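Structure first, then comments.
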Amino acid sequence: MENFSYLKALKHVLFGAAFLLFSCTTQPSVTIKEPFRVGAWMGVNANTPKEKYEATFAKLQKAGFTEVLINTGTNPDILAAVTPVAKSYGLDVHAWMFTMNRPGDPIALEHPEWYTVSREGKSCFDTRPYVNYYQWLCPSRPEAVNHILSLVEGLADVPEVSSVHLDYIRFVDIFLPIGLLPKYDLVQNQELPEFDFCYCEVCRNKFKETHHRDPLELEHPELDVEWRQFRLNAIRDVVNKAYQRAHEKGKLLTSAVFPYPTMAANMVRQRWDKWNIDRVYPMLYHNFYNEEIDWIGFATAQGIADLKDKNTTLSSGVYVPALAPEEIPELIRMVKSKGAAGITFFDAGALKQEHLDQIEKTLSEF
Ligand SMILES: [Zn+2]
């Protein structure tokens with residue numbers, strides 16, 4: 001889902017054939033064949049007519065899709081209405097939610113202290129980096145995290161939902177994808193203070209307790225490995241709590257993440273190979289990085305290698321507007337050959353009939 005120029009698409013809303021799963025460590029390895037998952041991110045809001053999303057589900061089912069990731073703005077009632085319809089078209093449903101970035105969240109807005117603070121001392125509550133919908137909560141504030149976890153539970157309570165799908169589970173981009181910099185008229189060849197978060201009092205004190213220094217007083221915070229690790233761990237802790245809550249309700253936890261762990265850590269302080277999570281959907285939007293389609297294969301293989309020894313599967317997320325329909329067959333075969341559990345398209349609305357025809361044709365080979 002998330003992306004940048006894709007901002008517009010975000011407003012409107014906003015996993016494949018035989019595959020190997022490995023058992024846990026104490027058991028001998030067991031090979032389970034799972035169908036190759038094919039999914040699409042999509043949004044449904046209170047004003048979306050049933051005919052509209054039903055038509056989308058019918059189209060996706062015909063092309064061989066197996067799942068949809070649905071953003072309802074963390075509204076469990078909308079999700080409860082849509083899920084049985086999707087299931088009737090043979091589609092698994094994942095409850096896609098904005099996690100640390102909670103633009104316009106009415107409960108969070110009552111607590112200005114919940115928001116992340118930049119190295120410049122400005123809060124995301126009223127000073128938004130990059131775009132107006134960037135309003136990020138601090139992962140070190142227990143009240144903010146409890147609020148997020150209550151939203152996770154609300155979605156996990158919806159019957160028949162397969163997973164809660166965390167998006168924006170990270171910090172503000174310290175570096176934007178290189179292909180997007182001209183669009184924002186930005187040069188980022190170092191960590192810039194206005195995009196560097198969280199220097200709130202709670203984070204500074206918590207870091208100080210363990211490491212005996214104030215991150216705000218560091219001349220080169222970007223060189224302080226513990227300060228980086230502190231923030232990676234803060235996000236990991238939110239994910240692990242969400243994992244526990246979702247599992248307590250019999251649901252999986254999944255997430256839309258940056259391309260592969262090292263890149264995610266460098267760009268957005270997200271290290272998803274260290275998380276308790278059932279499946280990740282890295283957003284391999286090659287055009288954002290000025291890359292060709294083969295890079296999607298590289299990033300898929302890198303992510304899977306980094307997940308070695310974890311019970312986490314991976315579905316490659318791809319950006320439909322940058323894909324010509326005739327590129328689809330090679331793309332699907334490529335991610336499958338690299339070991340992906342599926343492929344996920346951003347987003348359902350961008351899929352033209354020509355894309356769907358190519359997907360249907362390719363899946364019939366498996
Ligand atoms: Zn903080």
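Predicted model, so just to flag it, every value in this text is computed and none were measured. The residues of the chain are indexed from 1 along the displayed sequence.
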Would you name the heavy atoms of [X] and [Y] that are closest together and state the gap between them?
X	Y	value
Cys138	Thr116	CA-CG2, 3.6 Å
Val320	Ala350	CG1-O, 3.2 Å
Val280	Trp272	CG2-CZ3, 3.7 Å
Leu284	Ser316	CD1-CB, 3.9 Å
Ala156	Ala246	CB-CA, 4.5 Å
Leu351	Lys59	O-NZ, 4.3 Å

### Message
Taking the six-membered ring for Trp, are Tyr319 and Trp41 closer than 6.0 Å centroid to centroid?
### Response
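No, the ring of Tyr319 stays outside the 6.0 Å limit from the ring of Trp41, centre to centre.
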### Message
Between Tyr289 and Tyr285 (judged by ring centroids, cut-off 6.0 Å), do the two rings come close enough to count as a pair?
### Response
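Aromatic pair excluded; centres sit 6.0 Å or further apart.
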### Task
Give a yes or no on this: more than 12 heavy atoms of other residues, nucleotides or ligands lie within 6.0 Å of atom NZ of Lys122.
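No - once you tally the heavy atoms of other residues, nucleotides and ligands closer than 6.0 Å, there are 12 at most.
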### Query
Above 12 or not: heavy atoms from other molecules or residues under 6.0 Å from CD of Glu330?
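No - once you tally the heavy atoms of other residues, nucleotides and ligands closer than 6.0 Å, there are 12 at most.
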With distance as the sole criterion, is a donor-acceptor pair present between the side chains of [X] and [Y] under 3.5 Å?
X	Y	result
Tyr133	Asn101	no
Asn205	Glu201	no
Glu291	Asn287	no
Asn233	Arg269	no
Asp105	His147	yes
Ser163	His94	yes
His247	Asn276	no

Between [X] (side chain) and [Y] (backbone), is there a donor-acceptor pair under 3.5 Å?
X	Y	answer
Thr72	Asn75	yes
Arg231	Pro139	no
Ser315	Gly342	yes
Ser255	Leu166	yes
Glu327	Ala324	yes
Asp196	Arg119	no
Thr127	Cys124	no
Gln135	Gly104	yes
Gln61	Leu91	no
Gln188	Leu176	yes

Parallel, tilted or perpendicular: which describes the rings of [X] and [Y], with under 30° parallel and over 60° perpendicular?
X	Y	result
His111	Trp114	parallel
Phe345	Phe65	tilted
Tyr168	Phe98	tilted

### Message
Is there a salt bridge (Lys or Arg N to Asp or Glu O under 4.0 Å) between Lys310 and Asp273? Walk through the geometry before answering.
### Response
CA-CA 8 Å; Lys310 298 283 287 186; Asp273 57 329; over 6 Å; no
Rounded to the nearest 0.5 Å, what separation is found between the [atom1] atom of [X] and the [atom2] atom of [Y]?
X	Y	atom1	atom2	answer
His211	Glu226	NE2	CD	5.5 Å
Glu34	Thr66	CD	OG1	9.5 Å
Cys200	Leu216	SG	CG	11.0 Å
Lys338	Gln302	NZ	CD	11.5 Å

Give a yes or no on whether [X] and [Y] share a hydrophobic cluster (residues Ile, Leu, Val, Met, Phe, Trp, Tyr; joining criterion: side-chain heavy atoms under 4.5 Å apart).
X	Y	result
Trp136	Leu192	yes
Phe207	Phe171	no
Ile293	Ile359	yes
Val117	Leu137	no

### Task
List the steps and the verdict of ring-ring contact (aromatic ring centres under 6.0 Å, His included) for Phe175 and Phe195.
CA-CA 8 Å; Phe175 293 112; Phe195 306 123; 9.4 Å; no
### Query
Can Trp227 and Tyr199 be said to form a ring-ring contact (aromatic ring centres under 6.0 Å, His included), step by step?
CA-CA 11 Å; Trp227 178 225; Tyr199 293 79; 5.2 Å; yes
#### Entry: Verdict with supporting geometry, Tyr134 and Asp173, side chain to side chain donor-acceptor pair (under 3.5 Å)
CA-CA 10 Å; Tyr134 260 23; Asp173 324 53; 2.6 Å; yes
### Task
Start with the C-alpha distance between Lys87 and Glu160, add both sets of side-chain angles, then the distance that settles salt bridge (Lys or Arg N to Asp or Glu O under 4.0 Å), and finish with yes or no.
CA-CA 8 Å; Lys87 295 294 287 183; Glu160 295 192 284; 5.2 Å; no
### Query
Step by step, would you call Lys62 with Glu360 a salt bridge (Lys or Arg N to Asp or Glu O under 4.0 Å)?
CA-CA 8 Å; Lys62 180 174 181 304; Glu360 185 178 356; 3.1 Å; yes
### Query
Are any non-hydrogen side-chain atoms of Met334 and Ile296 less than 4.5 angstrom apart?
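When only atoms from C-beta onward are counted, Ile296 and Met334 do touch, with a gap below 4.5 Å.
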